[in-house]
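To keep things clear, I will list the structure first and then write my remarks on it.
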Amino acid sequence: MMSERYNAREAEPKWQAVWESRELFRTRNDDTRPKYYVLEMFPYPSGRIHMGHVRNYAMGDVVARYKRARGFNVLHPMGWDAFGMPAENAAMANRTHPATWTYANIATMRGQLKSMGLSLDWHREFATCEPRYYKHQQRMFLDFLAAGLVDRKTAKVNWDPEDQTVLANEQVIDGRGWRSGALVEQRELTQWFLRITHYAQDLHDALDGLDRWPEKVRLMQRNWIGRSEGMLVRFGLDPATAPADETELTCFSTRIDTLFGASFMAIAPDHPLALKLAETDPALARFQEDCRRGGTSEADIETAEKLGYDTGVRVQHVLDPSITLPVFVANFVLMGYGTGAVFGCPAHDQRDLDFARKYGLPVTLVVCPQGQDPSAFAIGTTAYVGEGRMVNSRFLDGMSTDDAWEDVARRLETTSLGTEPVGRRKVNFRLRDWGVSRQRYWGCPIPIIHCEVCGVVPVPVADLPVTLPDDVTFDLPGNPLDRHPTWKHVACPHCAAPARRETDTMDTFVASSWYFARFTDPWREDAPTDRAAVDGWLPVDQYIGGIEHAILHLLYSRFFTRAMKATGHAGLDEPFAGLFTQGMVVHETYRAADGTWVSPAEIRIEAEGADRKATLLSTGAPVEIGSIEKMSKSKRNTVDPDDIIGTFGADTARWFMLSDSPPERDVIWTEEGVQGASRFVQRLWRLTGEIGRIAAPIGSTPPSSETDVALAIRKAAHRALIRIEEDVERLRFNRCVAHVYELANALSAAIGAVTDADRQDELGFAFREAGDILIQLVAPMMPHLAEECWAALGHADLVGLQPWPVADRVLVVEDVITLPVQINGKKRADVTVARNAPAAEVEAAALALDAVQRALEGRPVRKVVVVPQRIVNVVA
RNA sequence: GCCCCUGUGGCGGAACUGGUAGACGCGACCGACUCAAAAUCGGUUUCCGCAAGGAGUGCUGGUUCGAUUCCGGCCAGGGGCACCA
C-alpha cells in the first residue's frame, strides 16, 4: 500500500540503483536507431557542484530522457575539465599535489551528480588530466604542426614578475596579477600559437549557418572575429626627408574614399620605421619608451590621451604626389592590427580628429552628409563618420561614398609604385592567433624537444604521451617543470645529442576544445577519435552551458573541429548544431551589522511581504537584506545542492530549477520556491494514489460510450502532452512545468467532482490514460518520483523504459468553440458556434447577441471582421 | 563611444505567425478541517469603483477593424566590445 508521504531520501537512491543495474543509460555506438547527442558543458572539478551545475544538468537531462523516450539512441556523457590553475594554487596553499586535489574533487562531485539522478552514460567518463586523454591531444598538436596550423613566434604577453608566469588577459586586474598583486609587465616571449586566424573567414561566414545558436552568441563571435574590408595602400616616402633605403610606407584603410581628407600619417611606436628612426633620434626613442610604459589595461587605454611625435619624415599622397603629409609616431596606432600604420583623416574619424586638434593639423571635410550644405557644415569636436556626397575631392566630387570608394580602389589598383600596384584589396580580421603556451605544471605538456643542433623537434608519436612528472614542488614561484632536476633533459630524437623538453604546457582551453569528440569513443587508444564514431555522433545536437563561454570556448572548439578535419581526425566543421545558453542562479545577499556577508543558512526570515525582515539565527541580530546577485562564495549567498537534495530530494531541486524563469534568463533561488516545488512533489504523489484507486486496469479496452467528464479528462491529458512536446523541443522548460500543473489541476478537479457511482465503470479508462500520461510527462523532469508513481499506478516495468505516449491530435479539437466578440477592438461578449461555422453564420450569431446590440447603442454596423476560430470584431 | 538585449500584477513569468492580456507558480487575504498549530482542501487576488462601468503591458507618436506583438522617437535596466584604422 502507498504511504502518505513520498520519501525522496529512500526512493531516489533506490531508483538510481535500479537504473544503474539495468544499464538504462549505457549508450552503444552500434545502435541503429537515429542518434541524438545532448551535452552539457563539462565541469571544472573545483570541489563541489553548485546550483548553476544543477540547473545546467537538469535541463540537459530533460532533453536526454525525452529524446530517449522518443526512440533516439541518445548520447549523454559526462567528464571533467581537470587541468588548470586552481589545482596548482591549491597545491601551493595546502601542500598537496594538484592531482590529489583534482581527483578528490572529482570523486566528490561525481557522487553529487549521481545523487541528482542524471541519465548519464558514466562508462564514457574521463578527465582531461589523464594521460589516456592528453596523449591524443599531444598527437593532434603534432598533426596540426605538420599541417601548418601551429606557429612558434614571439609575442607580447602579460608577465607576472612575482609568480614568474604568463597571465591570461582575464587574470590581470587593474594592471596587477590577480594572485600576487604585482604590477604586470609586458614581455616578449616565444610562444606556441594555434593558427585560428587561418580559419577567420570561414569561422565568420559559417556563423550564418548556425541557425540553432542564440543570435547573441553569433553576434559576439562575429564582432570578436572582426572582419573588415579595406585596402593596403603603399605611400611613397618623400626622398628629401626619408632615411636611407626606406622608400615606402604601407597602411591599411577601410575608408579610402576619404583619401583627399588625409592630413597626416600615423605609425605605431614599435613600427619598423619608427624603430629605425629612433636609432638616430633620442627624443623619439624617449617617446617610444613613454608609450610602452603606458598601462596596457583597458582602463588605461580608454583614458589615454592621444600622443604623437612628428618624425620629420613626409609621404607623398597616393592620389597626388605633389602633396606630402607628415609622418607621426602615435600612441593610438597598434602594431598588431593591419600594418601598424594609418593615414589620418580628421574630419571623418574621431581619433584622427582628436589628434589633429591637439597637433594643429588641417581638418578637411570630404564627405558631406545628405541634405547638408557643404559650405555651412563644419566639423567641430565630433567627426562625421557616416555616408554622404564627396566634396573637396577633385574628381570624386559629387559621388556617393560607395562610388568614390570603388573609384579610388580601381585607380590605386592600376597605379604603380615601383613594379607593384599602389593599392591592393584586403580583408582584415581582429581575431588573433591563439597563444596556448602556459608556464605552468598542471596542464598538457607540449610534445616538443629543443635541440641545439636540430632546432625544434616534435616528439615522435610512438613516444607519446609526454607525461607530467609526479615529483614536483610548489614551494617556489615559477614553473615546476622548468626547475625539475631531470624531466626536461632528454636526447634529441633526431641526432641523439643532449636536448631539452619544452616545459610550457597547453592552455586548458585546448582540452575543452575536443572533449565532445572524444566522448564518441573514449576507449580508443591508438587515435584521438574513431572516425566512424565521431562522424556518426557529431555534431552535438544540443549543447547547453553558460553564456560566459560565448566567445572563448565556443570559438576555440569551432576552430579545433576544423583543424581536426584538416588532419583527418573528424569529418565536419561545426561541432555544435544546437546551442543553448542558460541563465545564472542568483540569490539575495545578506549583511550583518558589521558589514560582513552572511549565508542564507545562517539567517531567518522574520516577516514576509512588504516589511520583509531577516535576523541572524545565532544571536537574533537584525540582518540587512541586500540585492539579488549571482551565487558566489565571496558574497556567501550560495545554497549547497547537497543540502537541498538531502532535505527535499533531487527531484524537488530539479523541478524548481526548471520552473518559473525562462531557462535563458537568471533564476532567483528562493526558499519559498523550493517549498513550492516540494509541495508539488507530495501533491503529485497523493494525486497518483487517488488516480490509482479510480483507474481501470492496465490494458483495459475503452468503454463503448464516454461521458463528458471522461472526455474532458482525456482531452486535458493530450493537450498537455502536445504542448510539452513542443516546449521540450524548444527548451522552454518553465512552460512544460506550467502544463504539468494544469493537467494535475484538471485531474484533481475531476476527482473532486466525481461521485462514487461514477467511478470504475465510467471514468476508469479515462483516468488510466490521463494518469499514465501525467506520469510520463513528469518523468524527464522528476525521474525518481515518476518511477515511484508509475509503480504505484500498477506498472511492472520502468517509466524510464517507456516509449513516449502518442498524442491524439484529433481528440483535442473541439467541435463547438467560444469566440470573443469585440466592438471597435474592445471585448464585449462571447459567441459560441460550431468550429467549422461559415463566417456569415458566425457574424449573424455575434450580431444577434443581446450584449452586442446593447454595446452598439443603436449605431450602424459598418463592418464585421471574422477571423475563423479566433475572434469577431464589429466596427461601428 | 559603438553594438546588442530586456522592460507585462506585490513577485517569477504566460500570451502561437497582429486576434479574449495576466496561463502556471510564489506571496497575500478569506474560509473549511483541528482544542490548537502544521499539513491539506475550497475561494479571492492588475488597478480605480459599492456597482454599472472605466483604465491598463516603461513613456510617446504612428500603421491597423484590432498592437504586449509591427514601425518612429524617448526613458530606464542589463550585457558585449573597446584607440581594430
Side-chain angles (χ1 to χ4, degrees), chain A residues 4-5 214-217 219-224 226-228 230 251-256 258 266 298-306 330-334 336-345 348-352 354-355 382 385 428-432 547-548 550-551 608-610 612 655-656 659-662 664-668 670-677 679-680 682-683 686 723 726 732 734-745 748-749 752 818-830 862-876:
Chain A
E4 278 290 303
R5 280 186 69 79
E215 184 52 41
K216 181 189 168 84
V217 174
L219 188 71
M220 282 167 68
Q221 290 211 356
R222 210 170 275 128
N223 290 341
W224 186 265
R227 182 181 190 277
S228 62
C251 75
F252 174 74
S253 174
T254 58
R255 289 301 302 273
I256 52 169
T258 65
E298 279 161 19
D300 289 339
I301 291 168
E302 185 183 1
T303 53
E305 204 182 348
K306 306 274 175 293
N331 65 344
F332 67 88
V333 181
L334 307 173
Y337 185 80
T339 62
V342 296
F343 73 79
C345 177
H348 306 290
D349 182 285
Q350 191 60 48
R351 285 170 325 222
D352 296 347
D354 295 345
F355 191 80
T382 309
V385 297
N428 241 336
F429 295 93
R430 233 181 56 115
L431 186 69
R432 314 283 177 81
I547 186 76
E548 66 273 18
I551 295 172
E608 283 297 340
R612 230 166 140 262
W655 185 251
F656 177 48
S659 47
D660 286 348
S661 287
E664 69 277 11
R665 285 201 216 167
D666 291 351
V667 64
I668 306 171
T670 60
E671 181 63 21
E672 292 78 17
V674 188
Q675 297 282 359
R679 253 197 318 269
F680 184 66
Q682 296 302 335
R683 191 180 147 211
R686 286 193 304 274
R723 288 179 179 163
E726 266 175 33
R732 300 198 291 202
N734 57 321
R735 297 185 7 150
C736 295
V737 166
H739 302 321
V740 168
Y741 274 115
E742 268 176 304
L743 177 55
N745 290 349
S748 293
T818 299
L819 300 181
V821 180
Q822 295 183 334
I823 296 189
N824 294 335
K826 297 227 154 126
K827 190 198 167 193
R828 297 294 176 183
D830 289 305
R862 285 197 288 148
K863 185 175 166 188
V864 179
V865 180
V866 177
V867 183
Q869 299 175 43
R870 284 254 180 241
I871 203 166
V872 180
N873 193 16
V874 180
V875 186

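Given the structure is predicted, the values throughout are model-derived calculations rather than measurements. To find a chain, count down the sequence lines: A is the first, B the second, and so on, and within it residues start at 1.
Nearest heavy atoms, Val333(A) versus Val342(A): CG2-CG2, 4.0 Å. Considering all non-hydrogen atoms of both residues, Ile551(A) and Gln221(A) come closest at O-NE2, 4.0 Å. Nearest heavy atom pair, residue Val217(A) against residue Ile547(A), reads CG2-CD1, 3.8 Å. Here the shortest heavy-atom pairing between Phe355(A) and Lys306(A) reads CD1-CB, 4.1 Å.
As judged by a 4.0 angstrom heavy-atom cut-off over every strand, Asn745(A) is placed among residues touching the sugar-phosphate backbone only. As judged by a 4.0 angstrom heavy-atom cut-off over every strand, Lys216(A) is placed among residues touching the sugar-phosphate backbone only. Contact annotation for Val342(A): base contact, defined as any heavy-atom pair under 4.0 Å involving a base atom. Using a 4.0 Å heavy-atom cutoff across all strands shown, Glu742(A) reaches sugar-phosphate atoms only and no base atom. Nucleic acid contact class of Asn734(A) (heavy atoms, under 4.0 Å, all strands): sugar-phosphate only. Among the atoms of the strands shown, none is found under 4.0 Å from any heavy atom of Thr670(A). Using a 4.0 Å heavy-atom distance criterion, Arg432(A) is classed as a base contact. Residue Leu219(A) is in sugar-phosphate contact alone, with no base atom involved, counting any heavy-atom pair closer than 4.0 Å across all strands shown. Heavy atoms of Ser253(A) sit under 4.0 angstrom from primed sugar atoms or phosphate atoms, though from no base atom. Across all strands shown, Val333(A) has heavy atoms under 4.0 Å from base atoms, whether or not it also approaches the sugar-phosphate.
Scanning atom types as modelled, no donor and acceptor separated by under 3.5 angstrom connect the side chain of Asn873(A) and the base of rG66(B).
In this model, the phosphate group of rA82(B) is approached by a side-chain N or O of Arg430(A) to a distance below 4.0 Å at OP1 or OP2. Side-chain N/O atoms of Asn223(A) include none lying less than 4.0 angstrom from OP1 or OP2 on rC4(B). Of the side-chain N and O atoms in Arg723(A), none sit less than 4.0 angstrom from OP1 or OP2 of rC24(B). Side-chain nitrogen and oxygen atoms of Tyr741(A) include none within less than 4.0 Å of the OP1 or OP2 phosphate oxygen of rG25(B).
Nucleotide rG54(B) holds its C1' atom 8 Å from the NZ atom of Lys826(A), rounded to whole Å. Computed from coordinates, the Asp666(A) CG to rG12(B) C1' distance equals 12 Å when rounded to whole Å. When the P atom of rC83(B) is taken as reference, atom CZ of Phe252(A) falls 17 Å away, rounded to whole Å. Nucleotide rC16(B) holds its C1' atom 14 Å from the CD1 atom of Ile871(A), rounded to whole Å. At whole-Å resolution of the value, CZ in Arg732(A) and P in rG13(B) are 15 Å apart. One interatomic measurement links the two molecules: CD of Glu215(A) to C1' of rU6(B), which rounds to 16 Å at whole-angstrom precision. Separating the CZ atom of Arg870(A) from the C1' atom of rG19(B) is a distance of 7 Å, rounded to the nearest angstrom. The NZ-P distance, from Lys863(A) to rU64(B), rounds to 10 Å in whole Å.
Straight-line distance between the P atoms of rA21(B) and rG56(B): roughly 12 Å, to the nearest whole Å. With both ends at atom P, the span from rG10(B) to rG73(B) equals 31 Å, rounded to whole Å. The same atom, P, is picked in rA85(B) and in rA14(B); the two are 38 Å apart, to the nearest Å. Taking atom P in both rG27(B) and rA38(B), the straight-line distance is 14 Å, to the nearest Å. One C1' atom belongs to rC48(B), the other to rA37(B), and the distance between them is 39 Å to the nearest Å. Taking the C1' atom of each, rG53(B) and rG61(B) are spaced 28 Å apart, rounded to whole Å. Rounded to whole Å, the P atom of rG58(B) lies 8 Å from the corresponding atom of rG9(B). The separation of rC5(B) from rA28(B), taken at their C1' atoms, amounts to 33 Å, rounded to a whole angstrom.
Phe656(A) is linked by a ring pair (Phe, Tyr, Trp, His ring centres under 6.0 Å) to Trp669(A), counting only residues two or more places apart in sequence or in another chain.
Within the 4.5 Å cutoff, the side chain of Ile871(A) has heavy atoms near those of the Gln822(A) side chain.
Using bins of under 30°, 30° to 60° and over 60° for the plane-to-plane angle, the ring pair Trp655(A)/Phe680(A) lands in the parallel bin.
A donor-acceptor contact closer than 3.5 angstrom links the side chains of Arg683(A) and Asn745(A).
Minimum atom distance to the side chain of Met220(A) is reached by rG80(B), of the listed rU20(B), rG80(B), rC81(B). Checking rG13(B), rG19(B), rA82(B) against every side-chain atom of Arg665(A), the shortest atom distance belongs to rG13(B). Checking rC83(B), rG19(B), rG12(B) against every side-chain atom of Asp660(A), the shortest atom distance belongs to rG12(B). Distance from the side chain of Ser228(A) is smallest to rA85(B) among rU17(B), rC83(B), rA85(B). In the set rC24(B), rA85(B), rU20(B), the nucleotide with an atom closest to the side chain of Thr254(A) is rA85(B).
In this structure, the separation between CG on Asn873(A) and CD1 on Ile823(A) is 8.5 Å, given to the nearest 0.5 Å. Within the model, atoms CG of Leu431(A) and CZ of Arg227(A) stand 13.0 Å from one another, a figure rounded to the nearest 0.5 Å. With rounding to the nearest 0.5 Å, the separation of CZ in Arg828(A) from CG in Asp830(A) is 13.0 Å.
Where Tyr337(A) and Gln675(A) each meet RNA chain B at their nearest nucleotide, the meeting point lying more 5' is that of Gln675(A). Along RNA chain B, the nucleotide nearest to Gly673(A) and the one nearest to Lys827(A) differ in position, and the one closer to the 5' end is contacted by Lys827(A).
In rG7(B) the base sits anti relative to the sugar, since the glycosidic angle is further than 90° from 0.
Across Glu726(A), Arg723(A), Arg732(A), a single residue satisfies side chain to side chain contact (heavy atoms under 4.5 Å, CB included) together with His739(A), and that is Arg723(A).
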Can you tabulate the close N/O pairs, meaning under 3.5 Å, that link protein atoms to atoms of nucleotides 38-43 of chain B?
| residue | atom | partner | partner atom | Å |
| --- | --- | --- | --- | --- |
| rU40(B) | O3' | Arg686(A) | NH2 | 3.2 |

Given the rule that a pair is Watson-Crick or G-U wobble with both distances under 3.5 Å, how would you write RNA chain B in dot-bracket, using | for pairs to a different strand? (((((((..(((......[....)))((((((.......))))))(((....)))..(((((..]....))))))))))))....

